[in-house]
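These notes are about the structure you will find just below.
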There are 2 protein chains.
Amino acid sequence: MSQAAKTPRASSADAAILQVLRPELRHLTSKQIHTAVRKQLPAISLVTVYRSLERLARAGQVSISDMGTGAVVYARVTESLHHHLICQDCGGIVTIEHAEVGRWFAALSRRHGFKVTTNHLVLFGLCAGCQATHR
Amino acid sequence: MSQAAKTPRASSADAAILQVLRPELRHLTSKQIHTAVRKQLPAISLVTVYRSLERLARAGQVSISDMGTGAVVYARVTESLHHHLICQDCGGIVTIEHAEVGRWFAALSRRHGFKVTTNHLVLFGLCAGCQATHR
DNA sequence: TTTTCACTTGCAAAGATTTGCGTCTGTGCG
DNA sequence: CGCACAGACGCAAATCTTTGCAAGTGAAAA
Ligand SMILES: [Zn+2]
Ligand SMILES: [Zn+2]
Ligand SMILES: [Zn+2]
Ligand SMILES: [Zn+2]
């Protein structure tokens with residue numbers, strides 16, 4: 001609710017990081033997050049950012065994914081999950097909504113009794129254009 | 001030398017690594033591969049192992065996956081692909097055959113014109129037992 | 001055969017991420 | 001208030017992986 005004025009901003013690189021990741025569909029690297037969050041917490045170390053992100057990921061508030069850019073990217077997890085198809089040829093990124101992924105996860109759950117929690121799936125492959133070129 | 005002429009250039013490192021990854025369902029880290037391949041090529045460097053693995057992955061002969069063990073694991077890609085569901089609680093690993101994954105990939109292809117090439121999918125979640133415990 | 005040229009490799013260094021360890025801080029309890 | 005315990009942090013160091021650069025190799029071209 002409101003930013004209660006009773007407890008000082010105690011334990012929270014977490015809050016600052018969630019703030020930085022606020023805009024949806026924003027995928028930032030640890031370094032980018034570190035830089036951005038320093039505006040709020042000038043003295044925060046990169047290690048703390050890593051540990052905070054790990055904590056947030058365990059709590060299901062942040063996703064951690066390797067999108068093939070050399071460094072892992074972090075994103076805020078919201079009600080409306082999304083996933084990606086990344087072309088290994090042109091680097092093109094297709095974003096798909098959770099619905100069609102969730103349906104499949106549900107099927108897996110029925111078949112294997114396993115509840116998938118992966119909240120930001122990244123699949124690599126070839127986009128339509130590159131498939132043609134590849135022929 | 002009596003192999004089909006499909007891949008002309010064969011670096012010795014590549015061949016040795018494929019040899020090491022011969023047994024199916026074997027998932028090794030770069031370090032383990034380096035150690036093993038040194039029996040054939042005593043002087044090979046870890047960097048060469050990494051580059052060779054990257055080359056083999058591009059050629060679709062090796063899969064690269066983060067199975068949550070701290071280091072990426074590499075596996076040989078064979079005709080019969082497989083994938084995994086890993087429980088983030090107990091670490092249990094469920095191996096599933098490609099069929100049910102491939103069906104979904106095919107659906108994605110139809111819907112998005114995107115051909116998925118991910119050949120060793122790893123999904124995290126909760127196994128049946130841990131779901132119960134988690135209640 | 002000699003030249004050419006793309007590809008492979010090693011070494012050192014850089015970059016990315018995790019871990020060990022000691023310190024600090026907030027919370028709950030007496 | 002004063003103490004104990006758990007968790008958060010920083011720093012340095014360890015790991016894991018990638019990259020820059022110069023040298024080595026081998027097969028195709030000349
Ligand atoms: Zn995304
Ligand atoms: Zn493409
Ligand atoms: Zn596997
Ligand atoms: Zn489990």
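What you see below is based on every heavy atom in this structure, not just the backbone, and it leaves out hydrogens, waters and symmetry mates. Lettering follows sequence order; numbering is per chain, from 1.
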Taking the minimum atom-to-atom distance to the side chain of [X], which one of [options] wins?
X	options	answer
R55(B)	dA16(C), dC9(D), dT9(C)	dT9(C)
K31(A)	dT17(D), dT8(C), dA16(C)	dA16(C)
A71(A)	dT17(D), dT9(C), dT17(C)	dT17(C)

Sequence neighbours excluded, every pair satisfying ring pair (Phe, Tyr, Trp, His ring centres under 6.0 Å) that has a member inside residues 34-74 of chain A: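 Applying ring pair (Phe, Tyr, Trp, His ring centres under 6.0 Å) to every pair that reaches into residues 34-74 of chain A, excluding sequence neighbours, yields nothing.
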
Whole angstrom value for the distance that separates [atom2] of [N] from [atom1] of [X]:
X	N	atom1	atom2	value
R38(A)	dC9(D)	CZ	P	15 Å
I33(B)	dC16(D)	CD1	C1'	14 Å
L41(B)	dT8(C)	CG	C1'	13 Å
L46(B)	dT9(C)	CG	C1'	13 Å
D66(A)	dT17(C)	CG	C1'	13 Å
D14(A)	dG7(D)	CG	C1'	11 Å
L56(B)	dT8(C)	CG	P	10 Å
L53(A)	dA16(C)	CG	P	15 Å

For the atom pair CG (L123(B)) and OG1 (T117(A)), what is the distance rounded to the nearest 0.5 Å?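 Answer for the CG-OG1 pair, L123(B) versus T117(A), is 9.0 Å.
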
Sugar-phosphate only, base, or nothing, as touched by S30(B) at under 4.0 Å among non-hydrogen atoms: sugar-phosphate

Student check: side-chain heavy atoms of L56(A) and I17(A) closer than 4.5 Å: yes

Please work out whether the ring planes of H120(A) and H84(A) are parallel, tilted or perpendicular, with thresholds of 30° and 60°. perpendicular

Name the one of R51(A), R76(A), R58(A), R55(A) that satisfies salt bridge (charged side-chain N to carboxylate O under 4.0 Å, His left out) with D14(A)? R55(A)

Can you work out whether V49(A) or Y50(B) has the more 5'-proximal nearest nucleotide on DNA chain D?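 Result: V49(A).
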
Residue closer to the 5' end of DNA chain D, G70(B) versus E54(B) (nearest nucleotide): G70(B)

Within the pair T48(B) and dT8(C), is there a side-chain N or O less than 4.0 Å away from OP1 or OP2? no

Quick one: list whatever passes side-chain contact (heavy atoms from CB on, under 4.5 Å) with A99(A), sequence neighbours left out.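 Checked A99(A) against side-chain contact (heavy atoms from CB on, under 4.5 Å); matches are E97(A), R103(A).
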
Would you tabulate the pairs of protein nitrogen or oxygen atoms and nucleotide nitrogen or oxygen atoms of nucleotides 11-13 of chain D closer than 3.5 angstrom?
unit_1: dC11(D); atom_1: N4; unit_2: R51(A); atom_2: NH2; d: 3.2

Is there a path from F105(A) to L108(B) through hydrophobic residues (I, L, V, M, F, W, Y) whose side chains come within less than 4.5 Å of each other?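 They do share one cluster, since a chain of ILVMFWY contacts under 4.5 Å joins F105(A) to L108(B).
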
